[in-house]
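All remarks here apply to the structure that follows.
By convention in this document, chain letters (A, B, ...) are assigned in the order of the sequence lines, proteins followed by strands, and residues within each chain are numbered from 1.
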Amino acid sequence: MGLSDLAERLTEYRSRLAAGKAEQIHADDVEFVIDKLRARRGKLTDRLDAQECEDERVVLERKLAKVDDLIVQAEWLRDEL
Amino acid sequence: MRGIVQRSLLPLVLGVLVVALWLSGEVQEIAAGVAIFLFGMLMLEQGFTLVGSGVLERALRGATRSVSRSVAFGALATTAMQSSTLVSVITISFLSAGLIPLVSGIGIVFGANLGSTTGAWLIAGLGLRIHIAALAMPMLAVAIVLVFNRSKGVSGAGYVLGGVGFLFLGIHFMKEGFDSFAEQFDLSQFALGGVVGLLVYTLVGFVATAVMQSSHATLVLVITALAAGQLTYDNALAIAIGANVGSTVTAVIGAATANYQGRRLAGGHVIFNVVTAAAALLLIVPLQGAVAWISDLAGIGADDHTLRLAVFHTMFNILGLLIMIPALPLLLRALERIFPTTEPQISEPQYLSESIATFPETLQTAVANEVEHLYANATDLIAEALGLDRDRLVAATDVASYVRSSRTPADLDMDLAYEQRIKPLHGAILDFVSRRTAGDIPAGTARRLTELRIAAERIVRSVKEVKHLRRNTLRYTSSDQGVVTRVYDDLRIHIARTLRELDDLARSEPESRSILSLEEARDRVRTEKRLVRPLVEELLRRDHLDAGVATSFINDASYGYRAMKEMLEGAQALYSEPLGVRAEVERLLAMDEDSLDDDDD
């Protein structure tokens, strides 16, 4: 999922918020999620450093890339909110 | 014989009561006082359940860091609510739901015993010294206005106020009744001295409390009778000891619907109170001496037997704590022996219990724990169905090698295993959630319970999908048959990685857990599912697969990817952030479920 998808969802969320069907998200709430993603990133990095099997390294690198992608999106979301 | 006794007990009690009420107007007044007092207790418990159970639940979670904190919590909560029953029942609920360890539960119950002694102080120090009926009237009038308010908080406050009003009114009637009674009849002529008196009146205290289900009611009766000179001080002390033991009857009844942890707690409560009572009976003479010494120091008059009784009640409960807290490790070991851990009854719920039904936060946690239990059973079964062992899979440093080396499937009757390990548990969750959501629970709790029910349904669906692909998977992976074995192994590897992902999420600490960690796995399901058809077509073109096997694999891969999708979507629902607004952030960042749908089947 790219930033354009996220932007679409944000627009949809804002319409729900305006209609009183969603709760207001504050920067702190996004920061909370970002902290968890960063913690996950740290764990994955440790596991990658310790992993010797090539197949498993590929899987872990894919996971890391996904977490990095999510962190970028979450930071964008925080700034937008 | 037991049946006959049970059947004849109620008519006997009612018969004795009717005769006594008919013979004496004063008995009517005393009995009405007891009834009003007990009604006040019920209102108080109802009020605290409405207004304060959420606060109490949160406070209880914080009380588990040490035994001293647990004891202090039990004492303070009981002092504030004047109901050790409510504290004990909530503690049993928390234990049954797996939210607090047994040692904390025991500590809370010990503390609740100490907290309940404040009741004697209130009755003896306040109830008998001021005209409390005058306070009760305005309380009741205001309370009834509040009780009918639509807001739960206001209504709960009304119940609490009304409860206190009825307690006061009940004490007033008992006091008046005993005062009038004393003018005509002297009950103290039945006083018994020595060891016999001690034992007989301890039994009286036990029976009275077991019948009224309230040691407070027994104590208020004793204190008012003592104040009216209808009871000797020595016999009153014995009744207070018996009342302590009698109060365990409520906890024993409460534990009847609880699991083995709840029973251990009730057992601990009984042992504590029996040991405390035995110590108090054995040490009655030095205890009386200590009470006299402390009372003299505190300026309590030698003839102020009601306050001295309150001192005694507090002292012998402190004595119980002094004996039992050092013996806590021994007590825990004994309880674990008496009530052994039920072997993980794979097909029976471990956390769902009727005793948690009135506590919204506990309810959510218990159902979530039970759904996790179902997930553990389901992922075990899925692994086994594909010829894998979940523990070895989780421990494997190279998942692909482990899967490719697993060529000897376990002897498994999949239908029977589903009937034993999945269906009954799923049925119990469904039944429990349906009953709760149909009742009067907060909207947020109902929403969460529905999400959890859906999570349970999804993992059950994933097991059913795996059932479909099992036959061919085992047929082609029990021995190396070339290309067909490799494509089925790849499917097994993908499912195995998904199982590991779920295991990883389940094992992570709730503070660091995020459903966004499933995003890579969800992404992989979406992309790899789309590669199945091109792969099969390529293998067919090269004559590496015959058409029949190719069709089977396309169908089986479909089952496999649907199974993975259900597992992952269910886990998202199970582990989403409990705070609505943070769950909203996660939903914004996560991929849409539609993206995982079977658009190419």
Side-chain angles (χ1 to χ4, degrees), chain A residues 1-2 5-14 16-17 21-44 47 50-78 80-81, chain B residues 393-404 444 447 489-490 493-494 496-498 500-501 504-505 507-528 568 575-596:
Chain A
M1 190 181 77
D5 289 340
L6 180 58
E8 258 179 52
R9 283 183 198 190
L10 186 58
T11 310
E12 183 267 334
Y13 159 74
R14 281 182 169 142
R16 279 193 290 122
L17 187 67
K21 292 178 179 169
E23 285 182 72
Q24 174 73 53
I25 299 172
H26 298 286
D28 282 2
D29 300 312
V30 187
E31 205 56 62
F32 178 86
V33 174
I34 293 173
D35 286 347
K36 283 192 173 186
L37 287 168
R38 287 192 182 129
R40 162 103 173 140
R41 193 186 193 290
K43 278 185 191 163
L44 286 172
R47 276 158 68 176
Q51 185 57 258
E52 287 175 4
C53 167
E54 198 47 43
D55 277 358
E56 294 302 317
R57 287 185 66 85
V58 171
V59 172
L60 287 170
E61 277 162 3
R62 236 173 18 215
K63 287 183 199 289
L64 258 178
K66 187 72 198 175
V67 172
D68 285 339
D69 187 31
L70 283 166
I71 291 174
V72 170
Q73 292 187 32
E75 285 170 343
W76 180 85
L77 182 65
R78 180 195 56 200
E80 284 294 307
L81 287 164
Chain B
L393 169 66
V394 168
T397 49
D398 178 353
V399 174
S401 298
Y402 165 67
V403 172
R404 289 191 187 109
R447 210 167 31 245
D489 268 348
D490 285 346
I493 290 167
H494 196 171
R497 288 200 191 284
T498 308
R500 280 211 352 167
E501 205 70 63
D504 204 25
L505 192 65
R507 282 171 201 257
S508 55
E509 289 297 320
E511 302 78 45
S512 63
R513 184 187 287 154
S514 168
I515 57 161
L516 292 173
S517 62
L518 296 175
E519 282 305 285
E520 188 272 333
R522 295 175 79 222
D523 217 5
R524 203 154 26 90
V525 168
R526 185 178 61 164
T527 49
E528 293 196 16
L568 291 166
Y575 295 115
S576 69
E577 278 295 331
L579 271 183
V581 71
R582 287 174 183 168
E584 182 84 70
V585 176
E586 286 183 331
R587 273 197 297 276
L588 283 171
L589 293 170
M591 190 167 55
D592 268 340
E593 186 182 346
D594 295 348
S595 313
L596 276 79

Any side-chain heavy atom of A/E56 sitting closer than 4.5 Å to one from B/V399?
yes

Tell me whether the count of non-hydrogen atoms from other residues, nucleotides or ligands lying under 6.0 Å of CD in A/E52 goes above 12.
no

More than 12 heavy atoms of other residues, nucleotides or ligands under 6.0 Å from CZ of A/R57: is that the case?
yes

Look up atom [atom1] in [X] and atom [atom2] in [Y], then write down how far apart they are to the nearest 0.5 Å.
X      : Y      : atom1 : atom2 : answer
A/R62  : B/T527 : CZ    : OG1   : 7.5 Å
A/K36  : B/S508 : NZ    : OG    : 8.5 Å
B/S514 : A/L70  : OG    : CG    : 8.0 Å
A/L44  : B/E520 : CG    : CD    : 9.0 Å
B/S512 : A/R38  : OG    : CZ    : 15.5 Å
B/E511 : A/D35  : CD    : CG    : 13.5 Å

If one checks every heavy atom of A/A39 against chain B at 4.5 Å, the contacting part turns out to be neither

Counting only heavy atoms closer than 4.5 Å, note whether A/Q51 contacts chain B via side chain, backbone, both or neither.
side chain

Would you name the heavy atoms of [X] and [Y] that are closest together and state the gap between them?
X      : Y      : answer
B/V585 : A/V33  : CG1-CG2, 3.7 Å
B/V581 : A/E23  : N-OE2, 3.9 Å
A/R9   : B/R587 : NH1-O, 2.9 Å

Residue from B/S517, B/A521, B/A400 scoring the most non-hydrogen pairs under 4.5 Å with chain A is B/S517

Under 4.5 Å from a heavy atom of chain A, the part of B/R524 involved:
side chain

Chain A contact via B/E509 - which portion, at a heavy-atom distance below 4.5 Å:
neither

With chain B, which of A/E12, A/R16, A/Q24 has the greatest number of heavy-atom pairs at distances under 4.5 Å?
A/R16

Largest heavy-atom contact set with chain B, pairs under 4.5 Å, which of A/V67, A/V59, A/L81
A/V59

State plainly whether the residues [X] and [Y] are in salt-bridge range, i.e. N to O under 4.0 Å.
X     : Y      : result
A/R40 : B/D504 : yes
A/K66 : B/E519 : no
A/D55 : B/R497 : no

Carefully, step by step, assess A/I25 and B/L588 under the rule side-chain contact (heavy atoms from CB on, under 4.5 Å).
CA-CA 11 Å; A/I25 299 172; B/L588 283 171; 3.7 Å; yes

